[in-house]
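The next block holds one structure in the form of structure tokens; read it before the comments.
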Amino acid sequence: MRHWSGTADIPMDGNAIVGETPIDNLYINCGWGYAGFKTTPAVGWNLAQWLAQENHHGNHKDNTPEMLKAFSLRRFSDDALIDDAGIGPYPWLHWHMLLLPCPHCGNRDESEFDYGGRSVEMPALEAATMDWHQTLHTRKPMEEWVEEFWFHTAGCERWVRLWRNPITHEFASEFIGKFVGDPVDNNKNNGGQ
Amino acid sequence: MQPRRLKKGGLIDRSQRLQFTFNNQQLQGYSGDSLASALLANNIHLVARSIKYHRPRGILSAGLEETSALVTCKKINGVSVVNLKATEVQLENGLIASSQNCWPGVRFDIGSLLQLFSAILNAGFYYKTFMWPKAAWHRFYEKLIRRIAGQGRVNADYDTNLYDNRNAFCDVLVIGSGSTGLSAALEAAESGESVILIEQDNQLGGSALWEQTRIDLLPAAKWLAKVAGKVEALDNLRVMTRTLAFGHYDHGCIMAVQRNQTVTDAIAWRFRANRITFACGATEQPLVFPGNDRPGIMLAASVRQYIYRYGVAPGKRAVLAIRNPAERELTRQALIHAGIEIAMDLDSGSQIYSTRGRRHVHRVYWVDEQNHRQNTNCDLVCMSGGWVPNQQLASQISAPGKVKLDVKQLLSDTEWNVPKIDISIIKGLSFLDLQNDVTRKDLELAVGEGYEHIELVKRYTTLGMGTDQGKTAWPNAIRELERISGRDISDIGHTTFRPAYSPVSIGALVGAQTDHYMTPIRRTPFHQSFSKMGCVFQTSGDWIYSRYFPKPGESMEQAVEREVLAVRHSIGCVDMSTLGKVDVKGRDALEFLSRLYINNLDTLQIGRVRYVLMLREDGILWDDGIVAHLGDSHYLITMTTANAGAVWKWMNKLLHLHWPELDVQLTSVSDHWASLAIAGPNARHLLARLQPDFEIDRDNFPFASIRQGLLANRLPCRILSVSFSGELSYEINVPAGYAVWLFEQVMHKGVHYDIAAYGLEALDILRIEKGHISVGTEIDGRTTPADLGLGGMQSKSKSFIGSSLLQRPALGHSNRKKLVGLTPADGHSPIPVASHLCHAPWQPGTQPKLVGNLTASIFSPTLQQPIALALLENGQSDSQGKLWVISPLENRSIEVTVVPPCFVDPKGERLHG
């Protein structure tokens, strides 16, 4: 019943990122999604204590507090993911009232579709670990039009590319639908099929 | 009988008398009455007690903006429903209504003593009081507050009302059927568009039903009759009354609830329209003055509605406090029409500073323009602070199409007089939100404590958070904030308007999808045959799956043990139809499967089968199954029941989006085959008795093969020699329609070997004894093949989905949890399920260092002892000595011995028979 629109800052394993960054003396504490309300006081306490005790000048010994170690940014490339639910790096949308333009079937209710995440170019299977890591765990910031994958489960059973405007909630697809800023051409430039 | 009913007039049907009860009092009304109008006709004003101070409350309005008159209703043979607005409930015969939130009764309510403490029960009091002593909160305060607070008492009985969800589509959806909405709907329909007009009331017309005005030069009633005739004649205009739009969503979506008379049975409609016209009318705002909440103090237009629509005079002697001159005149005429004496008609310079009357207003005090104090006795106050458009629905969605709200414009009709009177003469509380007992003082307090933003004021004071959603509260609150803080009302703004515009029964949203209609039910082709045998079923996802097959007098444990031992010593059969099955064809079928699975499939000969593993892109084990090589570029693959849908979607995603250059066709054949596995040392003998038309000896049909042919010379079949139990086993697939025949044959021919049909319980025990992994337990979304001792299956000569990220450092770390077997150190103690592993027994109150977790724990009928599978840090190389399974829940610690995760036939000789 409640509704709002926007991007929830939840990392790909559903847990927050706390700790050092590749930039010296830049620490982050973010991505709590909806789980932060009860946890942040304890984390804030730990983080503050750590920052207060850390020798910031040339001392690179890892003295991360025990409690925060698991939340490091590095965990994505190392695969020390927390992943409590064991579902892997697959984000979802919580929506149910939209009309999606399936290129084969026309405008259909969103309940007929399954969300497949932001459109990503799959690296070659033999590509380096870092390429796969980048593809799976990182995303470019939201743009005016976002290319996404949707599966028309209760329709043509085809995976389709749709473009969504996260501000206006407009959708677009090939053959039908609204095009603002010609998202199809953008796709071609990105090397889409 | 109905003392306040006018002799004639009104849109009620006086020939149809309706009997109803209110607080156990037998009363009468007419067809066409609302509960509120029937109560007023019976001279009942006091219907409720307020939430916090338990002040007597009456009927303020005549519509869904009603804030005070909340009642519990029960219709004949129905369940009771709480917190209904008496103004929204249509009267029907046999209706039983009662007041809530009062004890022993609404006329004398012990809780009203709380008014004496109003000074400390101000905004946010629950954050400040009841703090000491600390221990008293749970023991005393909470219980007390729970008893006093809240509104009606929810009926915990099964909800027997009927609900449904429906969809409708149109070019134009018009919300509201007042003169505006009707005109809009007519115009759109006459131009040929398909139009749906929805109206929350039970009749079309809005205020034109009862207001004595002219529309298009005609008296409102005549105009309405003329338009209603036109509406009737149009086929492309669909009219739905009693249908309340409560939510506005993207892409032309409106959610509405269509209700029957008493607001119990309901249908939730989802409308999809190309255009939406909002003609939702306006809400009259009350005035804020001390003692403005007493029964008998009503909105002026509502009084007119009671008089003209329901033929009810809500009082005998009235005081008018109406700012708008035109409205003042309409109200005067209405009162004269109803024979109500006008005691005083206050002009805009006068200020009410107090009212009196314990259960009903009986005196009003004011200062006039000359600053003289005056008073008069009365039993009705008709007030109006102006009108505010009902734009809530239009404003619910964000861009595009969002109606940008200028609060100043919205409130332009509400006039506000800053009290000029001497504060010291003010007697009593001035209520802004009657439902939540929020007063002018509460707002001052909130602003004084720093909660100045309108959204914070709302949350701190609870203003506008009631079932009326503050329809008669928020405009006055904005004006009040303007007065307190001196800010411009455009800066103050308004709170976010969200669904639901007015309360909706959860039942309507759920619709008919309850009980066994909640999700689709999937039954396997063997279901009927199993049922006849007395099989006990269980749900597994959408599936109804056989659990065990008890013989008369057997307990579950006895039946399952018999089934397991039958498989180990002779033969059993089990339903495998729920596995996902996909037929893969095409020039690139092998290439596709090689990319999908970790195994090397190049060496898989036609007619052979391989156990395969599939990873997620991040290198974590996702699913297992088999690949059977049927013919040239033709494969059959299976996946687990749990992941069948997800893997199907994933394979399609790869082919549709990522590798469209591959020539591969996928066909889901899950439902086309009935699949029955026969397992046990006698499996080959039984298979021979089913008369396949191909050789089945060990050399011609070895383990991990597939054969296609006929059974008994007529039934086409596919038989796979694969095993989940660790015994010699054949998975017999026949077209789904022949399931009954196959099962009967197997059971009939199996009599020679004392065959036992077995279910999920025995299936699980058999695989745990053998140490076979399963999705959801060992394949838990965090393990890799190497963690489960299956690293050897991984092809070193190719890349596959997940192979790149499998190389990440943490996945190869030596301390990762590995699959192990466990037996109790004493040989017989049961190992508690869902427990943790630890190097010391558990001490209550401690937080031990955990080194692993159990994935399965059973009593093994084969070994006659408890066994378990677990994921243990460092696996069997762990040499830290003793290990305990600890279960803080059961307050138990069992010392265990680590063994290889295969308890039966570790060399795998039995598979070959």
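A, B, ... follow the sequence lines: proteins, then strands. Residue 1 opens every chain. Just the heavy atoms: all of them, side chains too, but no hydrogens, waters or symmetry mates, feed the values below.
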From His137(A) atom NE2 to Glu617(B) atom CD, the distance as rounded to the nearest 0.5 Å: 9.5 Å
Taking side chain as everything from C-beta outward and backbone as N, CA, C, O, which of these in Leu806(B) sits under 4.5 Å from a heavy atom of chain A? Side chain, backbone, both or neither. neither
A quick test of your reading: do over 12 heavy atoms of other residues, nucleotides or ligands sit less than 6.0 Å from CD of Gln665(B)? yes
dist Glu157(A):CD -> Trp648(B):CH2 (nearest 0.5 Å) comes out at 6.0 Å
Would the distance check show the side chain of His251(B) and the main-chain N or O of Leu99(A) forming a donor-acceptor pair, the cut-off being under 3.5 Å? yes
To the nearest 0.5 angstrom, please state how far the NZ atom of Lys649(B) sits from the OG1 atom of Thr153(A). 5.0 Å
Exercise: identify the closest heavy-atom pair between Asn652(B) and Phe151(A): CB-CE1, 4.3 Å
What pair of heavy atoms forms the shortest contact from Arg272(B) to Leu98(A), and how long is it? NH2-O, 3.2 Å
Grab the two heavy atoms, one from Ser799(B) and one from Glu126(A), that are nearest each other, plus how far apart they are. OG-CB, 3.3 Å
In this structure, is the centre-to-centre distance between the rings of Phe149(A) and His658(B) below 6.0 Å? yes
Looking only at heavy atoms, the pair that brings Leu136(A) and Leu805(B) closest together is CD1-CD1, 3.4 Å
Do you know which two heavy atoms are closest between Ala127(A) and Ser804(B), and how far apart they sit? O-OG, 2.8 Å
Is any side-chain heavy atom of Met122(A) closer than 4.5 Å to one of Leu654(B)? yes
Is there a side-chain contact between Asp109(A) and Arg270(B) (heavy atoms, below 4.5 Å)? yes
Select one option (side chain, backbone, both, neither) describing which atoms of Ala128(A) are under 4.5 Å from chain B's heavy atoms. backbone
Determine whether Trp132(A) and Gln807(B) satisfy the following criterion, side-chain hydrogen bond (donor to acceptor under 3.5 Å, both in side chains), listing intermediate values before the conclusion. CA-CA 11 Å; Trp132(A) 271 94; Gln807(B) 293 160 24; over 6 Å; no
Non-hydrogen atoms of chain B under 4.5 Å away: do they reach the side chain of Asp114(A), the backbone, both or neither? side chain
Is it true that, when you exclude Leu26(A) itself, more than 12 heavy atoms of the residues, nucleotides or ligands shown sit nearer than 6.0 Å to its CG? yes
Heavy atoms of Arg161(A) and Leu657(B) approach each other most closely as NH2-O, 3.6 Å
Turns out that what part of Trp622(B) lies under 4.5 Å from chain A's heavy atoms comes down to neither
